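What follows is a set of notes on a single structure, which appears directly below.
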2 protein chains.
Amino acid sequence: MMPSPTRNTVAISEPDPSRRNNLALLTSLVHHNGVLSRAQLTKRTGLNRSTVGALIGQLVNLEVVYEAAPSGEAQVGRPSPIVHPRPSIAALAVNPEIDAVTIGLVGLGGKVQKKIRFDTERIPTAKEAVNIAAAVIEGMRSELDASYQVMGVGIAVPGLVNRDDGVVRHAPHLGWRDEPVARMLGEATGYPCHAANDASLGAEGELLFGAGAGQKNLIFLNGGASGIGGGIVADGELLRGTSGYAGELGHTFVRSSGKPCHCGATGCLETEVSQSSLFELAGIGGGDAGDLEQALRRNSSETVDAEVARQLEFLGIALRNAVNIFNPEAIVLDGFLGVLHALSPGKLDSLLRSQAMDGPADQVKTYRAALGSDLMMIGAAELAFAQFLSDPAGALAALPMGKVDYVR
Amino acid sequence: MMPSPTRNTVAISEPDPSRRNNLALLTSLVHHNGVLSRAQLTKRTGLNRSTVGALIGQLVNLEVVYEAAPSGEAQVGRPSPIVHPRPSIAALAVNPEIDAVTIGLVGLGGKVQKKIRFDTERIPTAKEAVNIAAAVIEGMRSELDASYQVMGVGIAVPGLVNRDDGVVRHAPHLGWRDEPVARMLGEATGYPCHAANDASLGAEGELLFGAGAGQKNLIFLNGGASGIGGGIVADGELLRGTSGYAGELGHTFVRSSGKPCHCGATGCLETEVSQSSLFELAGIGGGDAGDLEQALRRNSSETVDAEVARQLEFLGIALRNAVNIFNPEAIVLDGFLGVLHALSPGKLDSLLRSQAMDGPADQVKTYRAALGSDLMMIGAAELAFAQFLSDPAGALAALPMGKVDYVR
DNA sequence: AGTGTTTGTTTCGCTATCCAACATATTATG
DNA sequence: CATAATATGTTGGATAGCGAAACAAACACT
């Protein structure tokens, strides 16, 4: 037998890292900005016209994007074709909560194509949540196989999640501990699965597609039935920390001799500021942030105002800390924290101006989250898109024989 | 007149960004790790043997590094030459404080070559500090010109500094407001000058050369006469924020109805934890952290222990917040905070284990700063090295005719 | 209709990398 | 002490990817 003179490793030819980077750059730009002309892309990337042409050509071949006729906008010079992301490149999103598991399908470009909320009678266990998600995904299977290229599944969990291995370290409100949800759902569905903290993903979602679009430094706070979650984007990158647990702003110290928190400390923001008392004052048993806001505006009273003011006071303390530490451009509030902000507009901003330091607080603005109930889907999908966005060609080539129309 | 057919822009030929990146990568590795063999460099960079060979060759030509005989360590195979940073590539460091201005010269590799402390009778104004620094630098001029390639000057200021334009927004303890120190010193010396917050630079220094070496997520806190400064490194990058004001951990809220702070808020860490009461209890009027520690150990008493415990308690609150938010691997304490930590070893760690959340606090360890009085010099120099490290060849070519031994 | 402007397209050359073969310096082995 | 094994520096050639320039196309303006 003749030994092959030179061993042909893995792929036919790995692309240069430079090419990979540029493809990734273009793909991310199109994904996050939605619609850009080729001329705009050359300006944004700083690459040469001809290079962008070649790169876009490759992305068109890979069916990542398509070019459409120039927009009608009157401009001197030859019109530049518009580059659109193909929503058939998609990611699945899963968000377990205490009363439901929501499954979504999000296309490249960040549009939610499909969202299925599965209400549960009881708080789902990790196993139940995975089973529900797997079943719903199985139901969509034929459609997915026929019309989409699914890049993976992202799971947004309200709790501490180790992003590297997808293990839920502790989700107090779900009662989960050390659950390897990413592996579990991966085995159940066959898709690559990743998990992360819900608020961190929310921060990324609002940064890319919502109230924080175009910014670089953002603090996101979500208030829900299961407490207050936080996510922080610094210099365009989500803060992850050593194990991916970063961002727990809900457990900022805001009160001496405050109540004990389930986290083991006392005086946490989450124990002083919660939506249950607001629901009581509003006179409704439950509902979403919109319901709460309406009810509170209807039942306006001194008691309500006082409670809103009290909660904003504590929120202000946590936020001034965060502003001093991060010097952000934007603070984005979701859930009942967004309601608090909306009920007393300007209050938080004036608290920050008076209490935070001059420099760090200069430029900060407070926003209400813009993506509503789509946020978790978009954020979780971003997690699943991550690998694809960092190497589009490679990720598609590694796809389990989706549509391979070339001879090997 | 004949118009030149093709306009020759700037440099003779700009190198490919890829080459620039690789040169920068190698230079940073050698600078931060000090001594590495060529074989180690190929492994660390992932580049090809021959490529690293060519790159090192260029760096040797540029006199950025030199190769020395292989270390005596017995290894199978051909020995690999050791690559050393040339300390003649240097940066100047300036650190104004309330009672002195310190000027230093730091070589590539992070070794402090020279340090001159200029004591002042009064708190220096910005103008005075700049004059002092300029005069001292002028004194070293001939030596600098003869034996060094100075890449610039870094100024470490205890206060809010806009890193982009080098303007000190507010340095409360120095009494400075809106002082463009970088521009001022730049005009006085002719060197490119940059300024940043002292604690941020301290964080970078300890990360690269001190107690946090090799880590990716680190919180640095320095306690001095002018309060408590903080710097945060997340994912290997110093947190800067929108304007470079990030890191103000000294103004973390730690106490309800606490004393008012000069920053405008109440209950800040800096008002509850300060070194003045410790100096009183120690029975000495002043001195550095070492003096304080010795005196406190000599004068040990219940009163001292109680005060140390009280201060650690508040420090613990600020740190648990920070740990919950950042999920760091290391906390590095300098100045009197390092003394507090050393006097009651394990106290902070146990506070963190009990009060911070399980996940984020898992891996965190508390250290005392390792670089002592060199820290500010090293950190500030790093600021001045930054541009050189990101484009060694370009920075040297742009140097004002240092040693140009080729014909143009 | 002509002119100027902007942008896509094509061709070509250059740069930086990787690969493979060879050379070299050391330890291990008999 | 000689030979083998191993790791690494060195050299020459091949390739990929980008930028520059010249050309072509499509628009607005007059």
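Bear in mind that the values here come from a model prediction, so they are computed numbers and not experimental data. Here is how names work: the chains are called A, B, and so on, in the same order as the sequence lines, proteins then strands, and each is numbered from 1.
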Please report the distance, rounded to the nearest Å, between [atom1] in [X] and [atom2] in [N].
X	N	atom1	atom2	result
A:Ile56	C:dT9	CD1	P	11 Å
A:Arg78	C:dT7	CZ	C1'	6 Å
A:Arg49	C:dC12	CZ	P	18 Å
A:Asp16	C:dC19	CG	P	10 Å
A:Gln75	C:dG4	CD	P	20 Å
B:Asn21	C:dA16	CG	C1'	12 Å

Under the salt bridge (charged side-chain N to carboxylate O under 4.0 Å, His left out) rule, what do B:Arg240 and B:Asp164 come out as? Steps first, then yes or no, please.
CA-CA 10 Å; B:Arg240 303 178 38 170; B:Asp164 294 324; 3.1 Å; yes

Where the side chain of B:Val76 is defined as all heavy atoms beyond and including C-beta, which of D:dG17, C:dA28, D:dA25 is the nearest nucleotide?
C:dA28

Excluding sequence neighbours, so at least two apart, what forms side-chain contact (heavy atoms from CB on, under 4.5 Å) with A:Gln40?
A:Leu36, A:Ser37

Using the side-chain contact (heavy atoms from CB on, under 4.5 Å) criterion, which residues pair with B:Ala234? Sequence neighbours excluded.
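In terms of side-chain contact (heavy atoms from CB on, under 4.5 Å), with neighbours along the sequence ignored, B:Ala234 is linked to A:Leu239, B:Asn217, B:Leu239.
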
Who pairs with A:Gln113 by side chain to side chain donor-acceptor pair (under 3.5 Å), at least two apart in sequence or on another chain?
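So A:Gln113 forms no side chain to side chain donor-acceptor pair (under 3.5 Å) with any residue.
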
Tell me the ring-ring contact (aromatic ring centres under 6.0 Å, His included) pairs involving residues 22-51 of chain B, sequence neighbours left out?
B:His31-B:Phe209, B:His31-B:Phe385, B:His32-B:Phe209

Between [N] and [X], is there an OP1 or OP2 to side-chain N/O distance shorter than 4.0 Å?
X	N	value
A:Ser50	D:dA20	no
A:Asn48	D:dA20	yes
A:Ser18	C:dT17	no
A:Ser80	C:dT7	no

Check DNA chain C against residues 35-46 of chain B and give the residues with a non-hydrogen atom under 4.0 Å, in numerical order.
none

Would you give me the side-chain donor-acceptor pairs under 3.5 Å for residues 83-90 of chain A, sequence neighbours excluded?
none

